[in-house]
Amino acid sequence: RKVKGVIVLQRENWASRLGFMLAAMGSAVGLGNIWRFSYVAGENGGGAFLIIYLLSVLIIGVPLLLTEVSIGRKAQSDVVGSYQKLAPKKPWYMVGFLGIGGAFLILGFYSVVAGWAFYYLWNYLTGQLFVEPEGGYGAAFGQFTSTTYEPLFWHGLFMVITMVIVLIGIKKGIELANKIFMPILAILLLVLAGYSVTLDGAMEGLAFLFKPDWSVLSDPFVYIAALGQAFFSLSLGVGTMMTYGSYLSKEHKLPGATVGIGLMDTLFAVISGIVIFPAVFAFGIEPASGPPLVFITLPSIFEQMPFGSIVAILFFLALCLAAVSSSISLLEVPVAYFMRVCSWSRRVATIVTGSVMFVLGVFVSLGFGIWSGVTPIGDRNILDSMDYIASNIFLPIGGLVMAIFIGWYFTKEEAFEATDLTTSPLRNVWLVLVRYIAPILIAIIFLNALDII
Ligand code: PHE
Ligand code: NA
């Protein structure tokens with residue numbers, strides 16, 4: 001429609017609250033629950049990490065999820081525009097740029113890992129991974145990721161699929177895809193978990209995941225890792241949930257929806273831990289082997305189980321779809337921003353931002369091959385460094401600012417009204433969490449982490 005000679009594009013909306021729920025769950029449930037959760041838990045001591053992680057989700061994650069969605073819904077704008085609209089001429093919007101930067105960083109490596117999942121799916125479809133390759137699955141993985149062009153092909157393919165869906169628009173593609181594939185993913189993970197616990201060494205794996213080794217709690221890194229994992233897994237702090245919330249109209253109630261999203265996401269993470277750790281111990285893999293962990297353990301389970309190749313195909317298919325439904329939400333953050341600010345069409349915004357993300361991913365991918373000696377932060381390779389900056393720094397800062405914004409910049413009444421908590425008996429619990437507890441905890445964890453970077 002035309003207003004005063006300027007073309008104002010109608011912003012899109014979800015068809016229903018369920019559509020929003022599915023899209024938000026699709027965003028939350030992804031590689032973070034399976035790939036990232038398992039190796040971060042593996043590197044940080046298992047059980048004790050799990051407890052800190054669950055506490056982070058409960059005390060910080062879910063209250064902030066409600067906060068982020070509410071800000072977006074109230075403002076009906078992207079991550080920068082929302083702050084500008086609700087706090088005109090104030091510097092709050094600056095944190096929106098951190099969110100956009102975070103989205104670029106995350107999708108830059110997310111698409112590389114998703115590309116690996118695509119490659120695995122393809123190799124299962126063509127029968128190549130049915131039998132353990134010579135030297136084992138670990139060596140085969142290292143061999144594949146260290147080549148230059150092949151991983152880039154899969155990474156590029158993944159980015160193209162992500163871009164095409166974002167191009168089409170959110171409503172049709174995502175709502176339907178999530179409706180079909182989320183239940184499949186859930187069922188598959190449950191079947192796998194059931195199988196995995198019957199393996200020799202399963203008890204050792206379950207003990208690793210559920211029996212806390214309290215000594216790791218004296219390591220400050222465990223806290224930042226758990227907090228970063230909670231933010232990453234809940235898609236929190238980059239503006240994804242804000243952008244998705246901005247496509248939601250006022251009549252839908254938010255608290256129940258956000259608790260549901262948090263619960264679902266956590267369930268998926270714990271179940272995939274139950275799948276992976278027994279196998280890690282059964283096959284004698286080091287739990288702290290980092291990002292490749294699931295790409296090495298899962299094929300070993302599939303090889304040994306009856307009809308394993310079919311399960312593997314379904315599993316990697318589900319993993320790819322879960323990755324796509326998350327990557328779309330990441331790409332949507334800058335796309336929404338550039339559409340508004342530069343008046344770009346959805347098509348131009350998608351192609352430009354998607355291409356930049358592809359290039360970032362090229363660096364990440366080469367970091368496993370010819371640039372494996374490049375370690376920007378500590379001894380972390382390019383992927384780990386980008387992930388570290390995004391998940392452990394950008395996302396918590398984004399979340400911290402959201403909490404302070406709604407807790408202190410809004411009046412109490414405005415905050416309750418924005419979150420649909422006005423008549424809820426839990427409103428004061430939420431308020432205390434976002435006003436005091438979450439900011440203080442994030443700040444403490446953060447300051448502690450500063451000297452261990
Ligand atoms: N939550 C997604 C996952 O667990 C990743 C993600 C992070 C998506 C941040 C959007 C924003 O896979
Ligand atoms: Na997740």
Side-chain angles (χ1 to χ4, degrees), residues 24-25 27-41 43-44 49-72 79 95-96 98-110 220-245 258-259 261-266 268-269 326-327 329-330 333 384-406 433-434 437-450 453:
M25 281 178 183
S27 169
V29 177
L31 296 174
N33 304 59
I34 301 167
W35 163 74
R36 197 177 191 281
F37 174 80
S38 55
Y39 86 78
V40 174
E43 282 176 345
N44 291 284
F49 170 86
L50 182 64
I51 290 175
I52 307 296
Y53 170 72
L54 293 177
L55 287 174
S56 306
V57 169
L58 195 71
I59 297 174
I60 302 175
V62 172
L64 283 189
L65 195 57
L66 177 57
T67 301
E68 183 170 338
V69 175
S70 305
I71 294 174
V79 61
V95 76
L98 210 63
I100 292 178
F104 274 99
L105 286 176
I106 294 175
L107 197 48
F109 68 79
Y110 205 83
F221 190 78
V222 170
Y223 300 87
I224 188 88
L227 186 73
Q229 176 60 24
F231 272 90
F232 186 91
S233 195
L234 294 170
S235 304
L236 212 55
V238 247
T240 292
M241 291 298 181
M242 201 181 283
T243 309
Y244 271 16
T258 46
V259 170
I261 296 162
L263 215 73
M264 185 69 110
D265 186 64
T266 307
F268 270 92
S326 297
S327 64
S329 73
L330 281 160
V333 173
D384 286 338
S385 300
M386 276 166 61
D387 186 358
Y388 190 90
I389 297 171
S391 307
N392 297 348
I393 301 176
F394 283 21
L395 305 194
I397 292 181
L400 178 69
V401 172
M402 282 169 203
I404 296 174
F405 186 65
I406 208 165
L433 287 173
V434 296
I437 304 198
I440 290 171
L441 285 178
I442 295 174
I444 293 175
I445 293 174
F446 208 71
L447 292 176
N448 257 321
L450 278 187
I453 287 179

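Starting from 1, each residue takes its place in the sequence as its number.
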Over all heavy atoms of both residues, which pair between A403 and P439 is shortest? Give the atoms and the distance, please. CB-CG, 4.2 Å
Below 4.5 Å, heavy atoms only, C-beta onward: do V69 and M242 meet side chain to side chain? no
For F109, the side-chain contact (heavy atoms from CB on, under 4.5 Å) test, sequence neighbours excluded, returns W35, I106, F232, V364, L383, M386, D387
Which distance, rounded to the nearest 0.5 Å, do you find between the CG of L107 and the CG of L330? 5.5 Å
Just checking, is any N or O donor in the side chain of S27 or T240 under 3.5 Å from an acceptor N or O on the other one? no
pair L64-I442: side-chain heavy atoms closer than 4.5 Å: yes
Are the side chains of Y223 and I52 in contact, using a 4.5 Å heavy-atom criterion? yes
Nearest non-hydrogen partners of V57 and A230, listed with the distance: CG2-CB, 4.0 Å
When rounded to the nearest 0.5 Å, the distance separating OG of S233 from CG of N33 is 4.0 Å
If every non-hydrogen atom of Y110 is compared with every non-hydrogen atom of L31, which pair is closest and at what distance? OH-N, 2.9 Å
So how far is it from I445 CD1 to L400 CG, rounded to the nearest 0.5 Å? 11.0 Å
Can you name the closest pair of heavy atoms from P63 and I59 and give their distance? CG-O, 3.2 Å
For the pair L236 and L395, evaluate side chain to side chain contact (heavy atoms under 4.5 Å, CB included) and give the outcome as yes or no after the intermediate values. CA-CA 7 Å; L236 212 55; L395 305 194; over 6 Å; no
Can you tell me which residue pairs pass the side chain to side chain donor-acceptor pair (under 3.5 Å) test with a partner in residues 53-69, sequence neighbours excluded? none
Minimal non-hydrogen separation, L98 against F394, with atom names: O-CD2, 3.5 Å
Return the minimal non-hydrogen interatomic distance between S329 and Y244, and the atom names on each side. CB-OH, 3.2 Å
First locate atom CD1 of I261, then atom OG of S235, and finally report the distance between them rounded to the nearest 0.5 Å. 9.0 Å
Going by heavy atoms in the side chains, are I71 and M402 under 4.5 Å from each other? yes
Test side chain to side chain contact (heavy atoms under 4.5 Å, CB included) on L65 and M241 and set out the steps. CA-CA 7 Å; L65 195 57; M241 291 298 181; 3.6 Å; yes
Go through the steps for F49 and Q229 under the test side chain to side chain contact (heavy atoms under 4.5 Å, CB included), then give the verdict. CA-CA 10 Å; F49 170 86; Q229 176 60 24; 4.1 Å; yes
Within the side chain of S326, is there an N or O that forms a donor-acceptor pair under 3.5 Å with the backbone of V29? yes
Heavy atoms, side chains only, cut-off 4.5 Å: are V333 and I100 in contact? yes
May I have the step-by-step check of side chain to side chain contact (heavy atoms under 4.5 Å, CB included) for V40 and N44, ending in yes or no? CA-CA 6 Å; V40 174; N44 291 284; 3.6 Å; yes
Working to the nearest 0.5 angstrom, can you tell me the gap between I224 CD1 and Y388 OH? 5.5 Å
Just how far is it from atom OG of S391 to atom CZ of F231, taken to the nearest 0.5 Å? 10.5 Å
